[in-house]
There are 2 protein chains.
Amino acid sequence: MTHSPAGTETLLPGRGRRAGRKPTIHDVAEAAGVSKSAVSLAIRNQRGVSEATREHILNIAQELGYRSNVWARSLVQGRTGLIGILLQDLGNSYHRDVTAGVEDAAVENDLRLVIGHGRRDAKRLQAELDSLLALGVEGVVIVSSWVPPQYLEKIGKRVPVVVVGRLPEPVSGIDTVANRDEIGARQAVEHLIELGHTRIAHLTGSARPAAMHRRGAFSELMRRLLPGVDPQVEGPEQLEAAIRYLVFQIQEEKGAPTAVFTQNDRVAADLVGASLDAGLRLPEQLSIVGYDNSSVCRMLRPQLTSVDQPRSRMGQMALEMLSERITGRTEDKHVTIAPNLVVRESTAPPRS
Amino acid sequence: MTHSPAGTETLLPGRGRRAGRKPTIHDVAEAAGVSKSAVSLAIRNQRGVSEATREHILNIAQELGYRSNVWARSLVQGRTGLIGILLQDLGNSYHRDVTAGVEDAAVENDLRLVIGHGRRDAKRLQAELDSLLALGVEGVVIVSSWVPPQYLEKIGKRVPVVVVGRLPEPVSGIDTVANRDEIGARQAVEHLIELGHTRIAHLTGSARPAAMHRRGAFSELMRRLLPGVDPQVEGPEQLEAAIRYLVFQIQEEKGAPTAVFTQNDRVAADLVGASLDAGLRLPEQLSIVGYDNSSVCRMLRPQLTSVDQPRSRMGQMALEMLSERITGRTEDKHVTIAPNLVVRESTAPPRS
DNA sequence: ACATTGTTGTGGAACGTTCCACAACTGTTT
DNA sequence: AAACAGTTGTGGAACGTTCCACAACAATGT
């Protein structure tokens with residue numbers, strides 16, 4: 001098993017194939033009776049060898065199970081063809097869809113994707129990013145708002161970077177592609193107003209950029225569209241308590257909100273659960289709008305009305321921008337994409 | 001921006017640092033006034049240089065922003081320190097948790113993880129696997145039952161492989177670590193019987209190995225524990241139709257099942273939705289048990305009773321087995337881990 | 001005085017590939 | 001016949017590292 005058959009041994013000056021080692025370009029060259037250069041040309045499909053010899057070489061290579069060594073190749077070429085994508089959290093449909101978009105565009109551009117996994121932990125995220133850079137990626141797509149801006153700026157100087165999502169503050173030297181949260185928020189609020197709601201609350205469980213944008217847009221809209229009505233904006237602190245209080249209000253008080261625009265589907269799902277536990281009838285007593293249009297929307301009852309982001313498109317854009325950077329663009333570029341509302345069962349006119 | 005400041009230029013025989021290029025070990029050596037070998041020893045923390053010179057070298061390296069080139073290193077060492085993990089589907093909490101386990105064990109064993117993403121597509125899965133091998137991984141963890149056995153066997157000859165999950169048929173040369181579906185099924189069925197159920201159905205939406213094991217174990221158990229009762233086993237064909245029919249039965253017929261053990265949480269969620277849509281009261285009219293203990297369990301109402309698999313533990317085991325293989329073990333090894341039931345609101349005694 | 005041993009350091013040869021300058025042919029044009 | 005151009009192929013020098021054999025020197029024992 002570990003010995004190579006005696007028949008393939010050779011006594012030529014360049015040592016024969018070592019037993020148990022992977023075949024190299026030399027082995028193929030020797031077996032085919034040509035130079036290593038010829039083999040190199042043949043496997044890369046470059047001109048410089050005749051059609052006949054190319055075929056011959058390819059056959060031998062196939063037979064020997066030869067596979068070119070990426071490391072040696074990129075060592076001499078000075079490029080790896082690798083690009084990294086840093087995810088905050090696998091197991092999140094948003095990230096999966098963005099990744100799928102990046103992947104599709106990557107094969108298009110003849111780049112290979114290496115996934116880094118940060119696991120909602122800033123320390124780990126940075127370690128993972130370092131590790132990607134050590135691997136020699138030529139660019140990085142970051143799908144996370146957990147990377148500190150000053151670190152981001154440092155990375156941006158070493159390698160092209162595109163961030164998918166909002167940044168807490170602008171960072172020079174890197175590109176971004178983001179969902180236009182203010183448009184998503186507007187669609188949600190306008191939908192609720194059209195249904196006849198006037199007392200609308202917002203529920204958020206985070207102070208990160210995307211959440212803050214949705215929240216800001218919500219307040220702004222309420223001020224403009226329903227002047228005189230005090231815009232109810234809950235939390236971010238103690239989401240659970242905020243939900244309990246909100247449900248309590250709706251059960252007990254006149255003038256309580258009749259609709260809630262939530263920061264994302266997770267928060268919406270918690271609110272749906274708490275409402276049902278408290279015996280509220282949905283959507284009659286409370287309309288709920290989520291954000292993300294994740295797979296849970298269709299699992300819940302009532303099925304969740306939610307704002308959909310064109311995730312895989314965002315991923316595609318991100319990779320295209322990265323590839324532009326790699327091939328020379330130097331000025332920063334920021335793209336935003338409009339989301340759109342998917343109406344399901346969790347929104348209805350308020351009880352008159 | 002692209003010029004290096006004139007002051008750093010040098011005329012020593014070994015050409016000075018090239019503008020715009022990343023610094024190499026030579027550059028550091030030159031700047032520190034030592035040989036490249038000394039630098040190599042210093043950065044790898046090996047003995048052979050005095051503490052004083054090591055510190056000096058490390059300072060210079062830091063200053064120059066030197067980072068060792070992984071490609072060159074692994075070219076000469078003949079090993080990459082990379083191991084691949086092939087996922088069927090990012091954005092799935094099961095895969096995320098297994099991956100987390102593998103990752104933790106990987107840093108432990110000083111290996112770096114490269115994630116490959118198959119996207120529920122056998123063709124793509126294989127391409128991804130090839131790409132991992134081309135990258136030079138020293139072993140592969142496969143979390144997917146979509147890879148054909150004969151292909152698996154071929155891969156197993158090239159590189160150590162551990163499969164997390166069930167295989168449709170045994171494959172020699174590769175290891176597996178699996179959840180003991182028959183134990184999970186038993187816990188679910190015994191729980192339902194204890195509650196007083198006798199008419200129990202099984203609902204499955206797939207013919208893949210894990211699903212078939214759960215189904216087989218279910219039938220077997222019902223035969224043994226409730227002899228005389230005809231074990232109801234639904235589909236896999238047309239899951240949606242099966243769900244509709246099941247719900248119809250429960251509404252209309254005496255002798256319909258009072259409890260359902262489902263293949264996984266997704267199927268359970270669909271069943272919960274359809275039941276509620278049909279006006280059934282849960283869990284009074286129907287008890288439901290899921291499998292996977294995913295995050296949706298706590299989002300649904302009633303909250304879902306489900307079988308939990310020790311996922312990250314499975315990932316850990318997988319990597320440890322892989323690492324054993326890499327360092328020499330040749331005989332196959334198959335490990336199974338017992339799951340356990342998490343009882344929530346979706347199971348209750350049947351109406352008497 | 002001479003071995004012996006240990007520490008600190010060196011320069012050259014790998015590793016497997018691509019790139020480059022050039023050689024050996026075969027035609028074609030002057 | 002000489003000059004030129006095109007095709008096919010070659011061997012050696014990179015690429016940035018680690019590994020290895022050995023050198024220089026100091027400390028120790030006989």
Side-chain angles (χ1 to χ4, degrees), chain A residues 12-18 20-58 60-61 64-81 133-136, chain B residues 12-18 20-58 61 64-81 133-136 138:
Chain A
L12 293 183
R15 70 276 173 270
R17 284 181 67 193
R18 284 92 3 117
R21 288 291 257 146
K22 286 173 63 177
T24 75
I25 208 172
H26 287 103
D27 301 319
V28 178
E30 197 165 301
V34 294
S35 74
K36 61 181 174 35
S37 306
V39 177
S40 179
L41 293 173
I43 58 165
R44 281 179 301 150
N45 237 323
Q46 292 214 345
R47 46 205 302 294
V49 282
S50 68
E51 207 40 61
T53 46
R54 152 164 302 135
E55 200 163 319
H56 176 227
I57 291 174
L58 257 32
I60 300 276
L64 256 48
Y66 168 78
R67 320 201 81 208
S68 120
N69 180 323
V70 195
W71 310 82
R73 183 210 301 273
S74 48
L75 178 59
V76 49
Q77 288 189 327
R79 49 163 312 201
T80 59
L133 292 175
L135 252 189
Chain B
L12 293 183
R15 69 272 170 273
R17 285 183 65 195
R18 285 89 5 113
R21 289 291 255 147
K22 284 172 65 176
T24 75
I25 209 172
H26 286 103
D27 302 319
V28 178
E30 197 165 302
V34 294
S35 73
K36 60 179 176 35
S37 307
V39 177
S40 179
L41 294 173
I43 57 166
R44 281 178 299 149
N45 239 321
Q46 292 212 345
R47 46 204 305 291
V49 282
S50 68
E51 207 41 61
T53 46
R54 152 163 303 135
E55 198 163 321
H56 176 226
I57 291 173
L58 256 31
L64 256 48
Y66 168 77
R67 320 201 82 208
S68 120
N69 180 325
V70 196
W71 311 78
R73 182 209 303 273
S74 49
L75 178 58
V76 49
Q77 288 189 327
R79 50 164 311 201
T80 58
L133 292 175
L135 252 189
E138 294 172 29

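Residue numbering restarts at 1 for every chain, and letters A, B, ... go by the order of the sequence lines.
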Participant: Taking donor-acceptor contacts at under 3.5 Å, does the side chain of A:K36 reach the base of D:dG12?
Facilitator: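 It does, because a donor-acceptor pair links the side chain of A:K36 to the base of D:dG12 below 3.5 Å.
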Participant: Taking CD in A:E55 as the centre, count heavy atoms belonging to other residues, nucleotides or ligands within less than 6.0 Å. Is the count above 12?
Facilitator: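 Count not over threshold, so no.
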Participant: Starting at CG of B:N69 and ending at P of C:dG16, how long is that distance when rounded to a whole Å?
Facilitator: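 These atoms are roughly 16 Å apart.
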Participant: Return no unless some side-chain N or O of A:R44 is found under 4.0 Å from OP1 or OP2 of C:dC19.
Facilitator: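 Answer yes for this pair, as a side-chain N or O of A:R44 is under 4.0 Å from OP1 or OP2.
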Participant: How many angstroms lie between OG1 in A:T53 and CD in A:E51, if you round to the nearest 0.5 Å?
Facilitator: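 If I round to the nearest 0.5 Å, the distance is 8.0 Å.
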Participant: Among the nucleotides D:dT17, C:dT17, D:dT7, which one has an atom lying closest to any side-chain atom of A:R47?
Facilitator: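 Nucleotide nearest to A:R47's side chain: D:dT7.
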Participant: Does A:T53 have a side-chain nitrogen or oxygen under 4.0 Å from the phosphate oxygens OP1 or OP2 of D:dG9?
Facilitator: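 Indeed, a polar side-chain atom of A:T53 lies that close.
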Participant: What's the separation between atom CG in B:L41 and atom OG in B:S35, rounded to the nearest 0.5 Å?
Facilitator: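 Here the rounded value is 7.5 Å.
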Participant: Given that B:L41 and B:V76 both sit by DNA chain C, which one's nearest nucleotide is further toward the 5' end?
Facilitator: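 The residue whose closest nucleotide sits nearer the 5' end is B:L41.
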Participant: Enter the distance from A:R73:CZ to A:T80:OG1 here, rounded to the nearest 0.5 Å.
Facilitator: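 If we round to the nearest 0.5 Å, A:R73:CZ and A:T80:OG1 are 12.0 Å apart.
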Participant: What is the separation between atom CG on A:D27 and atom C1' on C:dT17, rounded to the nearest whole Å?
Facilitator: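 After rounding, the reported distance stands at 13 Å.
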Participant: Quick one: is B:T24 getting a side-chain N or O under 4.0 Å of the D:dC15 phosphate, OP1 or OP2?
Facilitator: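 So the side chain of B:T24 is outside the cut-off, no N or O lying under 4.0 Å from OP1 or OP2 of D:dC15.
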Participant: When we call it a touch if two heavy atoms are under 4.0 Å apart, what does A:S74 touch: a base, just sugar-phosphate, or nothing?
Facilitator: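 Since no nucleic acid heavy atom lies under 4.0 Å of A:S74, the category is nothing.
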Participant: Of the options C:dT17, D:dT17, D:dC19, whose atoms approach the side-chain atoms of B:S37 most closely?
Facilitator: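 Closest nucleotide to the B:S37 side chain: D:dC19.
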Participant: Side chain of A:S35, base of D:dG11: donor and acceptor closer than 3.5 Å?
Facilitator: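 Flag unset: no donor-acceptor pair detected.
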Participant: Nearest whole angstrom, please: distance from the P of C:dG16 to the CD of A:E30.
Facilitator: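 Whole-Å distance recorded here is 13 Å.
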Participant: Is it the case that the side chain of A:R54 and the backbone of A:Q46 share a donor-acceptor pair, with hydrogens and angles ignored and the cut-off at 3.5 Å?
Facilitator: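 At least one qualifying donor-acceptor pair exists.
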Participant: Separation of A:R73 atom CZ from C:dC19 atom P, in whole Å?
Facilitator: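 After rounding, the gap between these two atoms is 9 Å.
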Participant: State which of C:dG9, C:dT18, C:dT10 makes the closest approach to the side chain of A:Q77.
Facilitator: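 Closest nucleotide to the A:Q77 side chain: C:dT18.
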Participant: About how many Å separate CZ of B:R67 and NZ of B:K22, when rounded to the nearest 0.5 Å?
Facilitator: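 Those atoms lie 7.5 Å apart.
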Participant: Nearest whole angstrom, please: distance from the P of C:dC19 to the CZ of A:R79.
Facilitator: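 Those two atoms, CZ and P, are 11 Å apart.
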Participant: Could you tell me how far apart B:W71 (CH2) and C:dG16 (C1') are, to the nearest whole angstrom?
Facilitator: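 Computing the B:W71:CH2 to C:dG16:C1' distance gives 14 Å.
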Participant: Among the nucleotides C:dG11, D:dT17, D:dG16, which one has an atom lying closest to any side-chain atom of B:L75?
Facilitator: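 Selected nucleotide: D:dG16.
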Participant: Rounded to whole Å, how long is the line connecting atom CD1 of A:I25 with atom P of C:dC15?
Facilitator: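 Answer to the nearest Å: 14 Å.
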Participant: With a cut-off of less than 4.0 Å, is there a side-chain N or O of B:S40 near OP1 or OP2 of D:dT17?
Facilitator: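 No.
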Participant: Would you indicate which nucleotide in D:dC19, D:dT8, C:dT10 comes nearest to any side-chain atom of B:V34?
Facilitator: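 Of the options given, the side chain of B:V34 lies nearest C:dT10.
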Participant: Measure CD/A:Q46 against C1'/D:dT8 and give the value in whole Å, please.
Facilitator: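 Whole-Å distance recorded here is 14 Å.
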